[in-house]
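Written below as structure tokens is the structure these notes are about.
Just so it is clear, the structure is predicted and the values come from calculations on it, not from any experiment. Throughout, protein chains are lettered first and strands after them, A, B, ... in sequence-line order, and every chain is numbered starting at 1. Reckoned from all heavy atoms, side chains included, excluding hydrogens, waters and symmetry mates.
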There are 2 protein chains.
Amino acid sequence: MKKKITISDIARELNTTASTVSRALSDDSRISKAKKKLVWKKVSELQYQPNSIASALRKGKSNVIGVIVPTSDRQFFASFIRGIEEIVREEGYRLIICQSDEQYDKECTSIDSLLNIRVDGIIASVAKNTVDFSHFKKIESQGVPLVLFDRVIETMNVNLVYSDDYYGAYRAVSHLIEQGCRRIAHFAGKQHIHIYQNRLKGYLQAIRDHHLPVDDELIIETDLIHDTYSILEIGKVLAKKLSEMPERPDAIFSSSDFAAMGALQFFKENNIAVPDEMALVGYSNDFSSSVIEPSLTTLDQHTSHMGNEAARHFLYQIITKPEYFKPRKTLLKPELVIRNSSLRRNVIPT
Amino acid sequence: MKKKITISDIARELNTTASTVSRALSDDSRISKAKKKLVWKKVSELQYQPNSIASALRKGKSNVIGVIVPTSDRQFFASFIRGIEEIVREEGYRLIICQSDEQYDKECTSIDSLLNIRVDGIIASVAKNTVDFSHFKKIESQGVPLVLFDRVIETMNVNLVYSDDYYGAYRAVSHLIEQGCRRIAHFAGKQHIHIYQNRLKGYLQAIRDHHLPVDDELIIETDLIHDTYSILEIGKVLAKKLSEMPERPDAIFSSSDFAAMGALQFFKENNIAVPDEMALVGYSNDFSSSVIEPSLTTLDQHTSHMGNEAARHFLYQIITKPEYFKPRKTLLKPELVIRNSSLRRNVIPT
DNA sequence: ACCGCTTGTGCAATCGTTTGCGCAATACGG
DNA sequence: CCGTATTGCGCAAACGATTGCACAAGCGGT
């Protein structure tokens, strides 16, 4: 192990003290230009690397933001993280990324470690089974800025960034109705998760607004959070179930791209024409939805934009005095990306 | 800001000193069981959160590993990161993830910040344009353990984890030949990157070993590192070029799944039958390659396994005395995942 | 009664930076 | 020539946990 050189080493060589060097490095106005030059010269000469640990300890600020995601290998979360990074990197913040793997206890330990290393803030999306929020309350109570995104906890008074799932679903279903669909099924996610609840609400409202009957049989609640290949399978199974109904539906709005794609594969294998006999809309605009045949209509949530917003919320909270601070909530509208799985050729666009 | 409670607060309440508390918490044998109980009780009573910054400063160890990836929104890197995490989390290490965005200068600053915060090690894949390696040398010279993966620098004497690209390519091309293909084109990546170089070598060797002619016209070198949608386009353009050749090739081995998929889309649009007129093999086994129609044959690199290995290399180096330490190199064999894009029906499997 | 040993605890320095405060030197106005 | 700014820098105390060393008390053996 080579001995690391410190601020005092520099000071010694320059016949001055650590304080002066420190101030010179932080461009303090009380240090003369000449001295600063000298210091900078020595710094590069000795290849000095500041020790941010020491600095963090003294300043009580680590310049690190903790990010907790259920999993980082979904495009959704990956591009969200990229979105955060884009914004905070120029302010000198680094990210430390924890995966909860959708498990409550990993979520807890992640939060603990992040607090231990004294992150300056935490940006998180809650795991699918989390119903107790005391660990998030702890973050607040320690005075650490918190931003929740996507799977948020609406009852907590913190910064929020989420997508307007109600709108997205409403938009998707209205689109299907415009295409002439009259019996629209819905692959709904587990209803204790807000986003899935809102998508179901949007679905219902759209149906009602267009004076169509709501059929509970067509609403299938299932766990849409798994690895991609499993959800694909789930989609196939559900598609089979729907196709065997006496009065077969003519469209599906799925809360997951992958379930929609699984369904699509089933229909192709069983010669049910998509979109003409069965139109499909997914959710999230995963890359794969653009290459599957027919390509899948879906909702793009502009995830990296969500990341940007989350980052900005954090930065805003940092510069605001606690007594003046009020949490901010951003609700972003998803965009319907219309592709072939829902585009019937004999329909005249309105 | 609520005042954080420290080890000395605990000590004061217990009429003892910080040293005793510290030792009690680290389960030092010199502290009596009784005292330890008392300490633990107070700890939970006061909701004490250890300050790892202070600890890191004193111990010269942060329990953080820096990971540098070109981009985290590729499945490849995401699952690699997951692979690392799996192994190191139980040893108490956290990950801090930096994206170089394939840019040399971001790579440099990432390394600098990681060294500043005194990470215990760095696991990195080099950016596509990096040709000067002094920043990686710096990591070594500071005595910080380094593991390079996938896009490695073979001339550096550090831990390496990479995939046997030569083997993968050889395997892919042999498979195409077994399927009856005789004029096989190759979408090659830029040749200053080792992995693409090795894939080209594997391609060439397989052709030669099967006594087929090598046609330079069929080898197209192009930049395969971009966002997915752009590579898709590149694939289409190249496919067009190939399809217009007087002697049209009957197969493509692409160093990128996305380029292969782009080509596939072009062939479908232009009624060139895949795999019968044109067989296709991609590289990486991205999820989308399984849903495109026909599904794409490709090479799976077992990325999360690569992550496991990288993590183990790091842990090994950590526990080994520098004077006994020798870098370890792991070369993993990719697996050919045979799907419909290359599977000709009239071929009897051998 | 004395010595040595074990067991449990405290003292104080240390990790590398930052920062409030004080002090000298110079400048400037009257 | 004195008083008051202004400029430039050093002293020393933090930040919170860790750790080498000393030391005290208790015990047993001679």
Check nucleotides 23-26 of chain C for protein N or O atoms closer than 3.5 Å to its own N or O atoms and list the pairs.
none

For A:V69 and A:F76: C-alpha separation, side-chain torsions, deciding distance, then whether side-chain contact (heavy atoms from CB on, under 4.5 Å) applies. CA-CA 10 Å; A:V69 293; A:F76 180 90; over 6 Å; no
Could you give me the CA-CA distance, side-chain angles and deciding distance for A:E140 and A:K137, then say whether salt bridge (Lys or Arg N to Asp or Glu O under 4.0 Å) is met? CA-CA 5 Å; A:E140 273 196 293; A:K137 298 254 164 69; over 6 Å; no
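Within residues 21-44 of chain A, the residues approached by DNA chain D to less than 4.0 Å at the level of any non-hydrogen atom are A:R23, A:R30, A:I31, A:S32, A:K35, in residue-number order.
Distance A:I53 CD1 to C:dC15 C1': 11 Å, rounded to the nearest Å. Counting to the nearest Å, the P atom of C:dG10 and the CG atom of B:N15 are 9 Å from each other. In this structure, CD of A:Q49 is placed 19 Å from P of C:dC15, rounded to the nearest angstrom. To the nearest angstrom, P of C:dT17 lies 15 Å from CG of A:N63. Atom pair A:K59:NZ and C:dG20:C1' shows a separation of 16 Å (rounding to whole Å applied).
B:R151 places no side-chain N or O within 3.5 Å of a backbone atom of B:S125 that could act as its donor or acceptor partner. B:D28 places a side-chain N or O within donor-acceptor distance of the main-chain N or O of B:R30, the cut-off being under 3.5 Å.
In the 5' to 3' direction, nucleotides of DNA chain D lying under 4.0 Å from heavy atoms of chain B begin and end at D:dG16 to D:dC21.
Residue contacts for B:T6: at a heavy-atom cut-off of 4.0 Å it reaches the sugar-phosphate backbone alone, with no base atom in range.
The side chain of A:S55 places no N or O atom within less than 4.0 Å of a non-bridging phosphate oxygen (OP1 or OP2) of C:dT17.
The 5' end of DNA chain D is approached more closely, in terms of each residue's nearest nucleotide, by A:T16 than by the other of B:Y48 and A:T16.
Each of B:L25, B:V39, B:D9 was evaluated against B:Y48; a single residue qualifies, B:L25, per the side chain to side chain contact (heavy atoms under 4.5 Å, CB included) test. Exactly one of A:E85, A:E86, A:R82 qualifies for a side chain to side chain donor-acceptor pair (under 3.5 Å) with B:Q99. That residue is A:R82.
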